[in-house]
Novice: 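Got a structure for you, questions after.
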Amino acid sequence: MEYHVIDVFTDKLFGGNPAGVCMLDRWLPDFVLQSIAAENNLSETAFLIKRDGHYDLRWFTPSIEVDLCGHATLASAYVLFQGAEKAADELKFKTMSGMIDVTREADLLYLDFPSRPVKLCPIYQTFEKAFHVKPVAAYRAVDFLILLEDEETLRKLSPDFNILKQVKTEAALDSDSLGIIVTALGSDCDFVSRFFAPGAGIDEDPVTGRAHCSLIPFWSEKLGKSKLAARQLSKRGGTLLCENCGERVRIGGRAVRYFTGNIEV
């Protein structure tokens with residue numbers, strides 16, 4: 001099968017978040033898809049099949065299938081815009097989270113994702129123990145969102161991932177795919193974040209589109225503006241252009257091709 005690795009939310013090779021993109025002509029058994037994702041060992045591998053007017057799209061971490069992934073969706077769109085869909089400016093993907101559009105404007109790609117506003121939740125002891133800092137507040141939608149005092153505290157975080165996994169038990173949750181978003185006001189942008197999902201096989205994700213489904217409405221309300229600039233402060237780093245559109249959010253970024261080849265299964 002045709003296979004690509006694309007660095008997303010960056011304009012430089014070896015930056016942003018790398019995603020695998022596999023083009024299929026039929027669905028393979030789930031255990032094969034999961035094995036390919038594990039073999040690739042990227043935070044997400046996307047699998048696509050062309051349909052009439054759209055593409056079916058699924059996302060796998062090295063451990064599990066997830067219901068929403070931003071950077072692997074942009075990576076998929078980048079591959080198509082550079083190849084089979086060169087003449088298109090908009091693509092539609094059918095996913096576990098419904099229909100998702102990706103549009104391009106020059107070298108920028110924009111995701112149209114569902115908004116996931118957060119609500120206050122307890123500051124679980126797991127967070128303080130794992131992060132070695134006391135959060136300002138804790139929230140939750142699908143993922144947890146932890147607000148910290150400032151950007152410098154966020155940069156210095158060195159989580160204990162074995163402890164962080166315990167939040168699932170402390171919060172009496174049954175999902176392994178939940179993530180922990182940690183965020184603070186930005187010094188040279190509107191807000192900054194990091195994203196951890198050790199239960200899903202991803203200790204720290206370099207740049208996380210789905211996290212911004214919650215970050216965008218959160219910071220849009222706090223800052224009183226609908227358009228925001230964001231950075232994810234992982235080692236690779238990434239830049240995202242964000243817009244709060246009510247029930248949807250718009251997440252923009254650039255992408256760079258790293259690899260194209262074939263997988264033999």
Side-chain angles (χ1 to χ4, degrees), residues 17 43 61 63-64 66-70 97 113-187 189-226 228-235 238 240 242 244 246-247 249 251:
N17 200 354
S43 60
T61 77
S63 302
I64 62 172
V66 295
D67 68 341
L68 190 64
C69 177
S97 293
F113 262 18
S115 180
R116 290 177 166 178
V118 295
K119 295 182 179 179
L120 272 170
C121 75
I123 300 176
Y124 293 107
Q125 292 183 357
T126 299
F127 295 136
E128 292 189 55
K129 290 178 181 178
F131 294 138
H132 311 294
V133 298
K134 185 175 178 60
V136 174
Y139 306 82
R140 184 165 179 256
V142 176
D143 300 313
F144 287 103
L145 188 151
I146 309 301
L147 179 63
L148 296 185
E149 187 68 36
D150 53 45
E151 180 178 319
E152 189 62 22
T153 302
L154 177 60
R155 285 184 182 275
K156 290 180 177 178
L157 277 188
S158 182
D160 185 318
F161 294 112
N162 287 325
I163 294 176
L164 198 56
K165 289 179 183 179
Q166 297 170 15
V167 72
K168 174 184 172 181
T169 301
E170 187 182 357
L173 301 172
D174 60 5
S175 173
D176 286 319
S177 66
L178 65 88
I180 298 96
I181 307 161
V182 188
T183 189
L185 193 68
S187 59
C189 60
D190 291 302
F191 65 89
V192 292
S193 67
R194 293 172 68 184
F195 184 85
F196 310 104
I202 307 167
D203 284 346
E204 179 166 8
D205 194 40
V207 196
T208 315
R210 92 175 210 177
H212 289 74
C213 294
S214 293
L215 285 163
I216 292 170
F218 178 80
W219 284 108
S220 177
E221 181 178 355
K222 273 192 170 298
L223 299 177
K225 56 197 295 190
S226 60
L228 307 108
R231 296 190 192 281
Q232 196 153 328
L233 301 181
S234 64
K235 183 177 180 180
L240 306 94
C242 307
N244 185 11
E247 293 185 357
V249 295
I251 307 167

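We're numbering straight along the sequence, starting at 1. Because the structure is predicted, anything quoted here is derived from the model rather than measured.
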Novice: Restricting to non-hydrogen atoms, name the atom on T61 and the atom on A200 that form the minimum distance, rounded to 0.1 Å.
Specialist: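 In terms of heavy atoms, the two residues are closest at OG1-O, 2.9 Å.
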Novice: How long is the gap from CG on L215 to SG on C242, to the nearest 0.5 Å?
Specialist: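 Atom-to-atom, L215:CG and C242:SG are 8.0 Å apart.
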Novice: Check this for me: Q125, atom CD, are more than 12 non-hydrogen atoms of other residues, nucleotides or ligands nearer than 6.0 Å?
Specialist: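 No, the 6.0 Å shell around CD holds no more than 12 heavy atoms from other groups.
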Novice: Might you point out which heavy atoms bring P117 and A141 nearest each other, and give the distance in Å?
Specialist: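 Result for this residue pair: O-CB, 3.4 Å.
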Novice: Take D143 and R210 through the test side-chain contact (heavy atoms from CB on, under 4.5 Å) and record every step on the way to the result.
Specialist: CA-CA 9 Å; D143 300 313; R210 92 175 210 177; 2.5 Å; yes
Novice: May I ask you to test the K156-V133 pair for a side-chain heavy-atom distance under 4.5 Å?
Specialist: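 Counting from C-beta outward, K156 and V133 never come under 4.5 Å.
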Novice: Could you tell me how the ring of Y139 sits relative to the ring of F218: parallel (under 30°), tilted (30 to 60°) or perpendicular (over 60°)?
Specialist: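 Plane angle over 60°, so perpendicular.
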Novice: I'd like to know if the side chain of D190 reaches the main chain of A229, judged simply by a donor and an acceptor atom lying under 3.5 Å from each other, with no hydrogens or angles considered.
Specialist: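 At least one qualifying donor-acceptor pair exists.
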Novice: I'd like to know whether S115 forms a side-chain contact (heavy atoms from CB on, under 4.5 Å) with E247, so could you lay out the CA-CA distance, the side-chain angles of the two residues, the decisive distance to 0.1 Å, and finally the verdict.
Specialist: CA-CA 5 Å; S115 180; E247 293 185 357; 5.5 Å; no
Novice: With the side chain counted from C-beta on, respond yes when I181 and V118 share a heavy-atom pair under 4.5 Å apart, and no when they do not.
Specialist: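 No - every pair of side-chain heavy atoms lies 4.5 Å or more apart.
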Novice: Provide the closest heavy-atom pair for A138 versus I146 in the form atom of the first, atom of the second, distance.
Specialist: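 Looking at all heavy atoms of both residues, the shortest contact is CB-CD1, 3.8 Å.
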Novice: Please name the residue in the list D160, I180, T153 that meets the side chain to side chain contact (heavy atoms under 4.5 Å, CB included) test with F131.
Specialist: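 Testing each of D160, I180, T153 against F131, the sole residue satisfying side chain to side chain contact (heavy atoms under 4.5 Å, CB included) is I180.
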Novice: Taking atom CD of E128 as the centre, report whether more than 12 heavy atoms of other residues, nucleotides or ligands fall under 6.0 Å from it.
Specialist: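 Enclosed: over 12 neighbouring heavy atoms sit under 6.0 Å from CD of E128.
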Novice: Tell me every residue that passes salt bridge (charged side-chain N to carboxylate O under 4.0 Å, His left out) with K222, counting only those two or more places apart in sequence or in another chain.
Specialist: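 If we apply the salt bridge (charged side-chain N to carboxylate O under 4.0 Å, His left out) test to K222, skipping adjacent residues, there are no hits.
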Novice: Rounded to the nearest 0.5 Å, how far apart are CD of E152 and CG of L233?
Specialist: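 So the gap between those two atoms works out to 10.0 Å.
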Novice: Looking only at non-hydrogen atoms, find the nearest pair between D203 and P198 and report the distance.
Specialist: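 Nearest heavy atoms, D203 then P198: OD1-CB, 3.7 Å.
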Novice: Quick one: are K129 and T126 in side-chain contact, heavy atoms under 4.5 Å?
Specialist: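 K129 does not reach T126 side chain to side chain.
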Novice: For a quick test of reading the model, state the closest non-hydrogen atom pair linking H212 to I251 and the distance between them.
Specialist: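 Minimum heavy-atom separation between H212 and I251: CB-CD1, 4.0 Å.
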Novice: To the closest 0.5 Å, what do you measure between CD1 (I123) and CG (L147)?
Specialist: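 Going from the CD1 atom of I123 to the CG atom of L147 covers 9.0 Å.
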Novice: Are the side chains of V249 and P217 in touch, meaning some heavy atoms are under 4.5 Å apart?
Specialist: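 Yes, close enough: below the 4.5 Å cut-off.
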Novice: Search all heavy atoms of L223 against all heavy atoms of L228 and return the closest pair with its distance.
Specialist: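 Looking at all heavy atoms of both residues, the shortest contact is CD1-CD2, 3.8 Å.
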Novice: Just verifying a value: how many Å separate T183 OG1 and L145 CG, rounded to the nearest 0.5 Å?
Specialist: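 Reported value, rounded in 0.5 Å steps: 6.0 Å.
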Novice: When rounded to the nearest 0.5 angstrom, what distance separates OG in S226 from CD1 in I216?
Specialist: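 If I round to the nearest 0.5 Å, the distance is 10.5 Å.
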Novice: Is E204 reaching over with its side chain to a backbone N or O of R194, donor-acceptor style, under 3.5 angstrom?
Specialist: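 Looks like no, no N/O pair under 3.5 Å.
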Novice: With rounding to the nearest 0.5 angstrom, report the NE2 to CG distance, H132 to L157.
Specialist: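 Answer rounded to 0.5 Å: 9.0 Å.
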Novice: Would you check if F195 and V182 make a side-chain contact, meaning some heavy-atom pair closer than 4.5 Å?
Specialist: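 No, side chains not in contact.
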